[in-house]
Amino acid sequence: MVAGPNNPGMELDLAWIKEVRVNLPAVKRRAETLGTRRTVKQQWQAAWLLKAVTCIDLTTLSGDDTPSNTSRLALKAARPIREDLIKAMDAEELKITCGAVCVYPSRVKETVQFLQKYGASQIPVAAVATGFPSGQYSLNTRLQEIRMAVEAGAREIDIVINRTLALQHKWKELYDEVYEMKKACGSAHMKSILAIGELGDMENVYKASLVCMMAGSDFIKTSTGKEGVNAILPVGLVMCRAIREYYEKTGYVVGFKPA
């Protein structure tokens with residue numbers, strides 16, 4: 001099992017979804033203040049930067065990926081910071097690594113082997129699945145892709161939701177798909193990519209976040225990185241508030257991944 005959020009989900013609550021309202025001007029004003037706040041300095045800043053490294057999913061999702069690409073990525077994930085800098089910060093005992101290595105399903109097996117080679121088998125391999133990045137494949141095909149990635153050694157699965165269902169407000173259908181995907185993941189963590197740049201508005205982002213969490217998503221993620229708009233502060237704020245509301249109502253912790 002991968003450490004981190006483990007959300008069992010809940011039955012779809014359409015009344016909750018229907019009540020969602022997002023005050024866009026207020027969201028934008030709040031987001032604008034985030035960059036003006038004082039940050040930590042000196043050794044505290046270094047500590048938080050080290051923490052940030054452990055949250056990174058190092059990723060290669062190119063059509064020309066080869067074993068040499070994934071080998072370099074696995075090595076970088078295992079040793080993300082120069083040894084001399086780690087020593088200067090007296091941080092050797094922290095054993096800093098990246099949070100995961102994210103690849104296409106066809107590259108999972110070799111990436112697992114490379115991480116073992118570099119003594120970093122504790123780092124999970126994440127696989128994008130379910131017809132990444134469009135999600136425009138049959139459900140059976142998407143579920144089989146998940147199962148194959150898990151069988152190859154993936155401990156995290158990054159699904160992409162069907163944006164058509166979200167745009168048409170077919171929340172029951174979206175919930176059913178994500179629920180089946182969570183079952184296909186087995187013990188692997190599931191991150192649901194919303195592709196926020198293709199959801200139309202902030203209310204759809206909030207509603208899709210809630211539906212994915214209700215269906216059992218362990219993380220919700222902003223984007224595939226292939227859309228015109230990806231991780232921006234107002235969207236991150238809306239998604240994090242959905243996570244907070246879900247936690248307040250259910251007690252289940254869900255992670256957030258900007259991309």
Side-chain angles (χ1 to χ4, degrees), residues 2-7 26-61 69-70 72-103 111 114-115 118-126 155-156 158 189 191-194 196-197 202 205 209 213 217-225 227 229-248 252-259:
V2 181
N6 184 17
N7 172 34
V27 169
K28 289 182 175 179
R29 287 195 300 270
R30 183 70 177 87
E32 287 171 358
T33 68
L34 296 178
T36 64
R37 295 177 174 241
R38 289 187 63 188
T39 60
V40 292
K41 301 295 184 183
Q42 299 177 349
Q43 67 266 38
W44 296 280
Q45 185 177 46
W48 278 110
L49 289 172
L50 290 177
K51 180 63 176 177
V53 170
T54 69
C55 297
I56 293 172
D57 290 1
L58 279 188
T59 303
T60 181
L61 297 170
N69 293 56
T70 52
R72 288 195 298 270
L73 203 68
L75 180 58
K76 186 65 175 176
R79 304 165 195 168
I81 302 173
R82 286 192 346 234
E83 187 175 349
D84 61 317
L85 295 178
I86 289 290
K87 287 182 178 179
M89 290 183 281
D90 194 24
E92 295 97 327
E93 292 184 1
L94 297 178
K95 301 186 185 305
I96 297 292
T97 67
C98 289
V101 177
C102 184
V103 295
T111 306
F114 286 132
L115 287 170
Y118 300 130
S121 58
Q122 78 280 9
I123 301 175
V125 174
R155 289 189 280 161
E156 296 183 1
D158 289 21
H189 269 156
K191 300 196 288 286
S192 290
I193 303 173
L194 304 186
I196 53 90
M202 290 293 192
V205 170
S209 298
M213 290 187 286
S217 297
D218 300 303
F219 290 79
I220 52 175
K221 188 171 178 177
T222 58
S223 323
T224 66
E227 295 86 46
V229 177
N230 297 289
I232 56 175
L233 275 176
V235 167
L237 184 59
V238 167
M239 291 175 67
C240 286
R241 286 182 173 174
I243 290 172
R244 181 179 65 185
E245 184 181 11
Y246 182 78
Y247 172 74
E248 289 172 346
Y252 301 139
V253 175
V254 174
F256 169 69
K257 284 279 185 179

Between Asp57 and Lys191, is there a salt bridge with N-O shorter than 4.0 Å?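 Answer for the salt bridge query: yes.
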
Under a 4.0 Å threshold between the charged nitrogen and the carboxylate oxygen, would Glu83 count as salt-bridged to Lys87?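 A salt bridge is present here (some side-chain N lies under 4.0 Å from a carboxylate O).
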
With side chain to side chain contact (heavy atoms under 4.5 Å, CB included) as the criterion, how do Ile86 and Leu94 come out once you've worked through the C-alpha distance, each side chain's angles and the decisive distance to 0.1 Å? CA-CA 9 Å; Ile86 289 290; Leu94 297 178; over 6 Å; no

Which atom pair, heavy atoms only, marks the closest approach of [X] to [Y]?
| X | Y | value |
| --- | --- | --- |
| Ala242 | Met213 | O-CE, 3.4 Å |
| Gln45 | Val40 | CB-O, 3.4 Å |
| Phe114 | Ala74 | CB-CB, 3.7 Å |
| Ala91 | Leu50 | CB-CD1, 4.1 Å |
| Met89 | Ala46 | SD-CB, 4.1 Å |
| Leu73 | Val101 | CD2-CG1, 3.6 Å |

Not counting sequence neighbours, which residues clear salt bridge (Lys or Arg N to Asp or Glu O under 4.0 Å) with Asp90? List them please.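 So Asp90 forms no salt bridge (Lys or Arg N to Asp or Glu O under 4.0 Å) with any residue.
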
State, yes or no, whether a side-chain contact exists between [X] and [Y] at a heavy-atom distance under 4.5 Å.
| X | Y | result |
| --- | --- | --- |
| His189 | Arg155 | no |
| Lys51 | Trp48 | yes |
| Tyr252 | Asn6 | no |

Can you tell me how far [atom2] of [Y] sits from [atom1] of [X], rounded to the nearest 0.5 angstrom?
| X | Y | atom1 | atom2 | answer |
| --- | --- | --- | --- | --- |
| Thr224 | Ile196 | OG1 | CD1 | 9.5 Å |
| Phe256 | Thr222 | CZ | OG1 | 6.0 Å |
| Ser217 | Ile193 | OG | CD1 | 10.5 Å |
| Thr97 | Lys76 | OG1 | NZ | 12.5 Å |

Apply the test side chain to side chain contact (heavy atoms under 4.5 Å, CB included) to residues Val235 and Met239: give CA-CA distance (whole Å), side-chain angles for both, the deciding distance (0.1 Å), then the verdict. CA-CA 6 Å; Val235 167; Met239 291 175 67; 3.8 Å; yes

What's the verdict on side chain to side chain contact (heavy atoms under 4.5 Å, CB included) for Arg30 and Arg241, showing C-alpha distance, side-chain angles and the deciding distance? CA-CA 12 Å; Arg30 183 70 177 87; Arg241 286 182 173 174; 3.6 Å; yes

Could you check whether any side-chain N or O of Ser121 sits under 3.5 Å from a backbone N or O of Leu115, counting only pairs where one atom can act as donor and the other as acceptor?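 It does not hold such a pair.
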
Looking only at atom types and distance, does a side-chain atom of Lys257 sit under 3.5 Å from a main-chain N or O of Ser192, one as donor and one as acceptor?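 Absent.
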
Verdict with supporting geometry, Thr54 and Cys98, side chain to side chain contact (heavy atoms under 4.5 Å, CB included): CA-CA 4 Å; Thr54 69; Cys98 289; over 6 Å; no

When Ser223 is tested against each of Ile232, Asn230, Val229, Leu194 for side-chain contact (heavy atoms from CB on, under 4.5 Å), which residue passes?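 Per the side-chain contact (heavy atoms from CB on, under 4.5 Å) rule, the option paired with Ser223 is Asn230, out of Ile232, Asn230, Val229, Leu194.
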
Taking side-chain contact (heavy atoms from CB on, under 4.5 Å) as the criterion, tell me which of Val103, Thr60, Asn69 meets it with Thr111.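 Of all the options given, the one that passes is Val103.
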
Glu93 atom CD, neighbour heavy-atom count above 12 within 6.0 Å: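 No - once you tally the heavy atoms of other residues, nucleotides and ligands closer than 6.0 Å, there are 12 at most.
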
